[in-house]
2 protein chains.
Amino acid sequence: MRPDSARAVLSFLYTGLMNAPRTARERARAELTKEILASARRQLGEVGAPGLSLRSVARELGMASSAVYRYFASRDELLTALLVESYGEIGDAAVEADRPGDAPEDRWLGVWRGVRDWSLRNRHEYALLFGTPVPGYAAPHITVETAGRMPLVLARIVADAKRDGRLRPLTGPECPPAAIDPAMLVLLEEGAFTVEETARLILAWNRLVGVIGYELHGHLANVTADDAAFFEYTARAEGASLGLAFD
Amino acid sequence: MRPDSARAVLSFLYTGLMNAPRTARERARAELTKEILASARRQLGEVGAPGLSLRSVARELGMASSAVYRYFASRDELLTALLVESYGEIGDAAVEADRPGDAPEDRWLGVWRGVRDWSLRNRHEYALLFGTPVPGYAAPHITVETAGRMPLVLARIVADAKRDGRLRPLTGPECPPAAIDPAMLVLLEEGAFTVEETARLILAWNRLVGVIGYELHGHLANVTADDAAFFEYTARAEGASLGLAFD
DNA sequence: CGCAACAGAGAGCACCGCTCACTAGAAGGA
DNA sequence: TCCTTCTAGTGAGCGGTGCTCTCTGTTGCG
């Protein structure tokens, strides 16, 4: 067998979960993992995912590039870690923008604005999340919970509105139930939603991501004149299609 | 000054427009430009934009990698050429899927399906068009006409329906006129649309691109169970919001 | 015919991801 | 406490990339 073949496959995942590193080695490892991630995150913000290089991260930390591979088995894995981190942040942004006591319409607008603000401030991270999936690895089941936090905030608002009887009846064509994954109905607020409401929620989430992407990628140049105003309108229109009182 | 500094900046743009290359050199140049593009396109379809390399294109054509720079000044410029080509193709797909004699609702669904089919068959090209904009160059004003062909097909359908009085009055919140670029109102069917209709058209175009992107990038995994059915539903819902008779 | 423009070749630079052999030192059991 | 094992670090190296430069043969044209 090959000697010295210690790799670091997905080690960052449980490294992050370690609550109390006992030995000095473990503490050093946890610290360096964080430093690598921080440096990579900085560079991601500056040059974007395609420009991020493991070697330059290593240079910035004053270590040999090969040493980084003790912590992240590949560039893709490092990107995956940044992906998870960014999903967490955009979820946080959504949660923090929500004001659970307010009227559902105000909450809705607030969360949309919060997510847009985060995206404008972190466009390369946004591209990593919702642009072309570049990391060949992806670790789907690991990210799925984190990735779902942002849309769940939207769902919560609608669920609260529905509970309080503040949701108007939906109009428009009906979604065939077979189109939606049954697990989705359970996942979303434990069955508080009909198929139709679920479909509209999916579309609203898709719209939020999509319209921000259009703005960031320049597809709205020569199309809209005031991106913020158009975004606001989009938020209202999408909310209205879910039965919120926007018109 | 530097000797032998002949570059090929954007030469492919008018090379493509030359109708009758006179000299043998010009014919050879036009032919090789096409061959390079064809090889690059093939590789784009296989490995995607990040994996496409100028050197491997040169290898496939049996020439030195430096020779390719006589035709495309950089990798980005080659990607830009593929971008323009792909915009043309997705526009063609939309035009060909349209059946101008049919009812607007059928035309609408047909074009949506046509664009989705093209995207599923050309996912790397789709990613180049609507994913993270990787080519640092872009040449915006050159692509804007080509890029607009696909959404214009959607606009045409709605314009025809409006002319024939088959468009229901719109519901939902109103778009502030200042949000839309005035040039857009003129561009779209020469002023046939109100601000509100224009805004809805922009959103429909955004939806078409966005929902396909969600499907291609895996964001609908564990969310929808039948992507085709969900897409169909999305097309109807978006059409209905424009006043087409889908419900 | 002769000059200038041009298309190709090939070496080379700086960078990349990643692997390997090796070493200094920490961890932990006898 | 000693000794073994495991680990984190180094640096060289491989094959790849985009791109530049110099040089050469060929083509086009006055």
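Naming: A, B, ... by sequence-line order, numbering from 1 per chain.
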D:dG28 base / B:Thr23 side chain donor-acceptor hit below 3.5 Å: no
Fit a plane to each ring of B:His219 and B:His217, take the angle between them on a 0 to 90° scale, and name the class: parallel (under 30°), tilted (30 to 60°) or perpendicular (over 60°). perpendicular
Heavy atoms within less than 4.0 Å of DNA chain C: which residues of residues 35-46 of chain A have one? Give them sorted by number. none
Please list, in numerical order, the residues of residues 47-64 of chain A that have a heavy atom closer than 4.0 Å to any atom of DNA chain C. A:Leu52, A:Ser53, A:Leu54, A:Arg55, A:Arg59
Got A:Val211 and A:Glu238 here, is their nearest side-chain heavy-atom distance under 4.5 Å? no
Any side-chain heavy-atom pair of A:Trp112 and A:Leu154 under 4.5 Å: yes
Expressed as a whole number of angstroms, how long is the span from [X]:[atom1] to [N]:[atom2]?
X: B:Glu77; N: D:dC19; atom1: CD; atom2: P; result: 10 Å
X: B:Tyr69; N: C:dA9; atom1: OH; atom2: C1'; result: 15 Å
X: A:Arg29; N: C:dG25; atom1: CZ; atom2: C1'; result: 16 Å
X: A:Arg70; N: D:dA8; atom1: CZ; atom2: P; result: 7 Å
X: A:Glu26; N: D:dC6; atom1: CD; atom2: P; result: 16 Å
X: A:Asp76; N: C:dC16; atom1: CG; atom2: C1'; result: 13 Å

Before you tell me yes or no, could you show the steps for A:Val153 and A:Asp98 under side-chain contact (heavy atoms from CB on, under 4.5 Å), namely the whole-Å CA-CA distance, both residues' side-chain angles and the distance that decides it to 0.1 Å? CA-CA 8 Å; A:Val153 175; A:Asp98 191 15; 4.1 Å; yes
Taking atom CG of A:Asn222 as the centre, does the number of heavy atoms from other residues, nucleotides or ligands within less than 6.0 Å exceed 12? no
Find out whether the Lys NZ or Arg CZ of B:Arg113 is both under 6.0 angstrom from the six-membered ring centre of B:Phe231 and within 45° of the ring's axis. no
Please say whether the positively charged group of A:Arg149, taken as NZ for Lys or CZ for Arg, lies over the ring of A:Tyr87, i.e. under 6.0 angstrom from the six-membered ring centre and within 45 degrees of the axis. no
Using a heavy-atom cut-off of 4.0 Å across all strands, would you classify A:Arg25 as base, sugar-phosphate, or nothing? base
Over all heavy atoms of both residues, which pair between B:Leu44 and B:Glu125 is shortest? Give the atoms and the distance, please. CD2-CG, 3.8 Å
Suppose we call two aromatic rings close when their centres sit under 6.0 Å apart. Are A:Trp205 and B:Tyr214 close by that rule? yes
Go through C:dA9, C:dG28, C:dG8 for me and flag the one nearest to the B:Leu32 side chain. C:dG8
